[in-house]
Amino acid sequence: MTDTAAGAAETDYSSTLFLPETAFPMRAGLPEREPVWLKRWEDMDIYKLQREQAADRPLFTLHDGPPYANGNIHIGHALNKTLKDMISRSQQFLGHNAAYVPGWDCHGLPIEWKIEEQYRAKGKDKNEVPIIEFRQECRTFAEQWVDIQREEFKRLGVLGEWDVPYLTMSFDAEAQIARELMKVSMSGQLYRGSKPVMWSVVERTALAEAEIEYADYESDTIWVKFPVLGASANVDTKAEGGFAASADAIRGLDGAFVVIWTTTPWTIPANRAISYSSRISYGLYEITEAPEGNWASVGERYVLADNLAAEVFTKAKVTGTKRLHDVDPGTITACAHPLRGFGGGYTFDVPLLDGDHVTDDTGTGFVHTAPGHGLDDFEIWMNSGRLLAEKGIDSAIPYVVGDDGFYTKDAPGLEGARVIDDNGKKGDANQRVITALAERHAMVARGRVKHQYPHSWRSKKPVIFRNTPQWFVYMDRDISAQGGDTLRARALRAIDQTKFYPAAGQNRLRSMIADRPDWVLSRQRAWGVPITVFVHRQTGEILKDEIVNHRIAQSFEEEGADAWYKPGAAAHYLGSQYPVEDYEMVTDVLDVWFDSGTTHSWVLRNKQKWPHLKFPASMYLEGSDQHRGWFHSSLLESCATNGFAPYDSVLTHGFTMDGEGRKMSKSLGNTVAPQDIIKQYGADILRLWVASSDYSEDLRLGKEIIQTTVDSYRKLRNTLRWLLGNLAHYQPTDTVAFADMPELERLMLHRLAQLDGQVRTAFKEYDFRRVVTLLGNFMNIELSAFYFDIRKDALYCDPISSVRRKASLTVLHHLFDCLTAWLAPILVFTMEECWLERHKEEGASVHLRLLPEVPAEWLDDDLANKWQLIRAVRRVVTGALEIERREKRIGSSLEAAPQVFIADERYLTALEGQDLAEIAITSDISLLASEGPADGFRLEDVPGVAVVPALAEGNRCARSWKVLPEVGSDPDFPDVSLRDAQALRERAELGL
RNA sequence: UGGCCCGUAGCUCAGGUGGUUAGAGCGCACGCCUGAUAAGCGUGAGGUCGACAGUUCGAGUCUGUCCGGGCCAACCA
């Protein structure tokens with residue numbers, strides 16, 4: 001113990017030190033302060049300043065995928081927009097002109113629902129409202145949410161052209177969307193086909209799945225027999241030793257029946273196939289015993305799934321059967337329709353199709369397949385195109401039921417029968433079908449079943465699947481002038497030419513494009529851009545006339561797509577050349593995916609409105625669900641109209657899960673609202689969370705994760721705060737040249753130069769997590785715990801003239817310059833706050849900077865290697881001191897002056913000319929070139945270094961707190977060290 | 001059910017082409033400092049790398065199966 005420490009009070013020299021001074025608060029208060037920065041940026045119009053400043057730089061266009069304009073933003077939106085913002089900003093910092101134009105998707109069903117809901121609340125019916133009025137309400141609704149979301153996005157710190165966003169419902173957009181559709185049509189890629197959709201007869205409308213609710217319903221069930229027309233062994237029988245297609249077996253099928261079961265007898269006229277499964281075992285059964293006059297009579301032979309035969313015969317009141325042999329349904333060439341010849345129709349062959357959707361749980365193991373009345377049915381039918389062609393079967397799907405529920409002429413002999421009436425009650429269709437079947441001896445059995453059946457959410461009445469005309473885009477039709485090109489081929493080629501982050505996205509999109517059916521563009525809806533097409537009533541041909549198209553687009557430019565619905569519109573568009581009565585005006589609207597799929601054509605290419613955007617875009621960035629969505633539709637649309645992708649690269653991010661990795665849902669109560677995080681912690685915390693997560697996978701967010709983010713933010717902030725506090729004492733005239741700096745300073749600059757390269761690479765690869773990790777580690781380990789800790793003595797205590805002090809300040813200045821720029825794309829608010837703390841001039845902003853140029857001469861690997869060794873020795877010293885502390889022999893490391901024994905030549909060389917005491921923050925150190933005593937403190941991984949602790953001798957300097965023998969030797973300043981005495985003298989000379 | 005993706009310490013993440021006792025930061029515990037102070041420094045404890053099989057002299061890394069989770073498969077975006 002020294003004399004001064006023992007008793008007498010020390011003089012307080014703190015006012016003579018260069019202690020950190022800053023107004024930058026330790027506690028950020030982000031929720032309150034962030035809006036102030038936002039206001040400042042808005043007032044200075046920083047987005048515009050950025051554009052002007054970067055006008056001559058290469059463009060980087062991150063094209064915003066439009067969110068849907070309904071409801072407040074959720075955490076997924078926040079993640080998406082924050083990522084986009086960090087990419088735009090980092091690209092701007094890298095030297096691009098990275099404009100960001102946000103957009104919104106405004107048409108579509110969900111908004112229609114909301115308006116309809118409002119109607120229902122007022123007791124109004126949607127169908128009574130004129131469509132233009134209805135559309136106007138949708139438009140107003142969307143506008144309102146665009147405004148709300150815009151404010152929420154801005155609050156995240158997202159910088160963009162918020163005053164001129166793009167909207168899919170703006171008049172110019174609607175005009176261009178229609179133009180794009182007409183381009184597709186003019187090039188022969190559009191055609192009218194059909195598809196079964198959920199249809200409400202009561203409301204005369206198609207329904208979305210979300211508009212359907214399932215309720216108990218009693219259906220008629222029937223077992224029907226289809227006569228086998230022929231069997232052949234030439235059919236593939238895969239299973240060896242399973243279905244033996246022996247001659248006997250095939251002969252046995254002569255005159256046999258395939259039996260199906262259905263709960264919708266009215267779909268029998270629409271039957272075109274029978275599905276079976278090659279995974280099910282089937283047998284041929286002969287009826288040996290049955291009541292007199294039974295539908296299923298003695299001598300008849302049925303093909304049935306073995307698992308279901310007994311049940312079927314029970315239903316059919318059959319009392320005795322004999323199983324003849326196995327049957328492979330694949331050997332049956334075709335059956336006849338059970339109504340063959342009825343009303344002069346049903347003469348086509350009914351093929352058997354192998355389908356995975358067939359099970360042997362219920363029914364007969366054979367599924368009655370009516371492609372116009374079921375999704376499975378439609379799919380297997382469409383996928384069997386080749387097989388049907390081989391068999392010479394027409395693959396056209398009949399329109400058996402009209403929109404009013406009546407059979408059409410496609411149900412010969414049954415016209416006028418009705419499936420469902422205007423009140424939602426069952427019509428006579430089922431009974432008429434059953435009667436006809438029975439008359440023709442095609443019935444096996446009948447019954448009733450109670451089950452869950454789809455009903456309209458609105459009318460609560462049952463709905464049906466009904467074949468409906470739809471507009472499609474060909475995937476596989478040859479569309480190029482010179483031939484040999486299809487939309488699918490173009491799209492696949494475009495995918496190969498696109499860079500994907502992560503790479504797996506490429507395969508995902510590729511396999512979707514490779515497998516997808518033709519693109520259905522039409523929706524029977526009100527709120528959308530109409531399919532602006534006229535069809536000749538007689539020929540069914542689409543009218544292709546550029547003048548008509550121009551009239552349409554022109555009217556949309558002027559009054560929006562509502563023009564299509566205005567009285568007299570058709571006549572106006574068709575002009576005098578085409579008689580209105582000869583043409584059908586299509587009233588379907590476009591799938592909203594087509595809307596957003598065209599944004600490249602009217603956003604990226606609109607140089608008048610957005611001169612800083614380029615086409616194709618540098619990048620499209622969305623959640624991974626958009627492989628099926630926007631990435632997909634944009635690709636197809638651009639390939640159809642341009643022949644190539646609208647983007648150079650595609651980046652996908654995962655979804656936000658709760659802390660346990662589970663999906664967030666209101667019912668589970670595990671949702672995290674971005675608004676709440678901002679209110680409690682600030683947007684920078686949310687942004688730091690995004691930056692430190694691996695966005696290529698699903699992200700997790702919960703209480704603990706937020707806390708971790710808050711903690712690491714605090715650490716970053718405090719490190720910067722200390723920098724600022726010390727830089728308060730820095731004058732540009734203090735700057736020390738690189739060559740004149742101590743090694744420790746040059747080491748820090750070397751690290752800056754290294755980091756510069758790493759940070760730039762990480763930004764180029766959109767790897768923010770790497771930036772955060774890199775800088776977080778650097779600031780913690782190398783700055784806070786090492787460099788700052790060591791240099792506190794010099795920065796606080798050294799004389800004003802000290803080169804060491806000035807060199808350190810110079811380094812702090814560079815550190816500040818680099819760190820604020822590197823972190824600015826991520827912590828947009830905090831870095832601005834930091835930067836302005838030192839740059840009070842009007843119009844200053846960290847966001848108007850570029851990444852600082854770091855001199856290559858700073859790189860010095862040899863120096864870094866050498867300091868690796870020095871730091872290893874330091875660790876041994878620190879370790880030794882820790883034991884002294886535990887034994888209560890010392891508290892502060894300045895109380896120690898250990899002996900360091902070094903036997904290893906490498907360490908000795910490294911330490912030549914170094915002040916190890918300064919580096920280890922002790923008052924003194926004696927360095928000895930020897931093995932050292934056996935009980936010296938050693939570390940396993942630092943061989944040849946031993947430390948023997950000792951107390952520092954002398955008195956404690958009242959100013960620097962070092963314990964040195966020299967303290968007391970200066971008569972003018974007897975209580976401080978010689979360095980501190982010098983410092984005090986200089987101050988006195990300067991009158992401080 | 002099918003296509004694609006994921007599963008390393010309490011948290012966020014590192015762990016080229018398989019090779020010694022699996023790393024970092026934060027958090028936590030303990031100690032120090034009291035001139036970054038609702039801060040700073042040090043030391044330490046935490047992992048059967050989702051499970052099980054297999055290939056291999058050797059697997060967190062390769063293969064298969066399973067378990068758990070996610071996205072897609074809507075006239076939802």
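To find a chain, count down the sequence lines: A is the first, B the second, and so on, and within it residues start at 1. Note: hydrogens, waters and symmetry copies are ignored here, and every other heavy atom, side chains too, is used.
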request  = Mind telling me whether A/His74 and A/His77 have parallel, tilted or perpendicular rings, with 30° and 60° as the class edges?
outcome  = tilted
request  = Measure the acute angle between the ring planes of A/Trp630 and A/Tyr620, then classify it against the limits of 30° and 60° as parallel, tilted or perpendicular.
outcome  =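 A/Trp630 vs A/Tyr620 ring planes: parallel.
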request  = Could you please spell out the steps behind the ring pair (Phe, Tyr, Trp, His ring centres under 6.0 Å) verdict for A/Trp722 and A/Phe788?
outcome  = CA-CA 9 Å; A/Trp722 188 84; A/Phe788 290 177; 4.1 Å; yes
Below 4.0 Å: OP1/OP2 of [N] and any side-chain N or O of [X]:
X	N	result
A/Lys715	B/C41	yes
A/Arg721	B/U37	yes
A/Lys888	B/G31	no
A/Arg662	B/G69	yes
A/Tyr796	B/A36	yes

Students often get this wrong, so: under 4.0 angstrom with heavy atoms, is [X] touching a base, only sugar-phosphate, or nothing?
X	result
A/Gly891	sugar-phosphate
A/Arg700	sugar-phosphate
A/Asn718	base
A/Arg628	sugar-phosphate
A/Ala958	base
A/Trp689	nothing
A/Ile883	nothing
A/Ser14	base
A/Met198	nothing
A/Trp630	nothing
A/Ala206	base
A/Val592	sugar-phosphate
A/Lys195	sugar-phosphate

Between [atom2] on [N] and [atom1] on [X], what's the gap in Å once rounded to a whole number?
X	N	atom1	atom2	value
A/Phe24	B/A36	CZ	P	17 Å
A/Glu704	B/A9	CD	C1'	12 Å
A/His729	B/A36	NE2	P	12 Å
A/Asp980	B/G35	CG	C1'	13 Å
A/Tyr787	B/G40	OH	P	19 Å
A/Arg510	B/C5	CZ	P	12 Å
A/Asp941	B/G23	CG	P	12 Å

Before accepting this row, confirm whether a basic side-chain N of the pair [X]/[Y] lies closer than 4.0 Å to the acidic partner's carboxylate O.
X	Y	answer
A/Glu882	A/Arg885	yes
A/Arg466	A/Asp403	no
A/Arg805	A/Asp798	no

Which side-chain N or O atoms in residues 372-380 of chain A pair as donor and acceptor under 3.5 Å with protein atoms at least two apart or in another chain?
unit_1   : atom_1 : unit_2   : atom_2 : d
A/His373 : ND1    : A/Phe465 : O      : 2.6
A/Asp377 : OD2    : A/Ala370 : N      : 2.8

request  = Between B/U34, B/A38, B/A77, spot the one nearest the side chain of A/Met26, thanks.
outcome  = B/A38
task = Can you figure out which of B/A77, B/G25, B/U34 approaches the side chain of A/Tyr68 most closely?
result =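 Ranking B/A77, B/G25, B/U34 by closest atom to the A/Tyr68 side chain puts B/A77 first.
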Syn/anti label of B/G50 as read from its glycosidic torsion, with the cut at 90° from 0 =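 With its glycosidic angle more than 90° from zero, B/G50 counts as anti.
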Gap in Å between the two [atom1] atoms, one belonging to [N] and one to [M], rounded:
N	M	atom1	result
B/C6	B/U17	P	14 Å
B/A22	B/C32	C1'	31 Å
B/C49	B/G31	P	34 Å
B/C72	B/A77	P	13 Å

message = Regarding B/A36, can its base be found pairing with the side chain of A/Ser784 as donor and acceptor, where the two atoms are less than 3.5 Å apart?
response = yes
inquiry  = At less than 3.5 Å, do the side-chain atoms of A/Arg508 and the base atoms of B/C5 form a donor-acceptor pair?
reply    = no
request  = Name the residue closer to the 5' end of RNA chain B, choosing between A/Gly629 and A/Gly661 according to the nucleotide with the nearest heavy atom.
outcome  =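 Between the two, 5'-proximity favours A/Gly661.
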task = With RNA chain B as reference, determine whether A/Leu699 or A/Thr878 sits nearer its 5' end, using the nearest nucleotide of each.
result =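 Result of the comparison: A/Leu699.
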key: Test side chain to side chain donor-acceptor pair (under 3.5 Å) applied to A/His632 and A/Glu637, A/His627, A/Arg516, A/Gln626, the passing residue   = A/Arg516
task = Please examine the side chains of A/Thr652 and A/Phe500, heavy atoms only from C-beta on, and report whether any two atoms are closer than 4.5 Å.
result =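 Side-chain contact under 4.5 Å: no.
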query = When Watson-Crick pairs (N1 to N3 and N6-O4 or O6-N4) and G-U wobble pairs (N1-O2 and O6-N3) count only below 3.5 Å on both distances, what is the dot-bracket string of RNA chain B, with | for other-strand pairs?
reply = (((((((..((((.....[...)))).(((((.......))))).....(((((..]....))))))))))))....
message = Walk me through whether A/Val586 and A/Trp471 qualify under side chain to side chain contact (heavy atoms under 4.5 Å, CB included).
response = CA-CA 10 Å; A/Val586 174; A/Trp471 291 91; 3.6 Å; yes
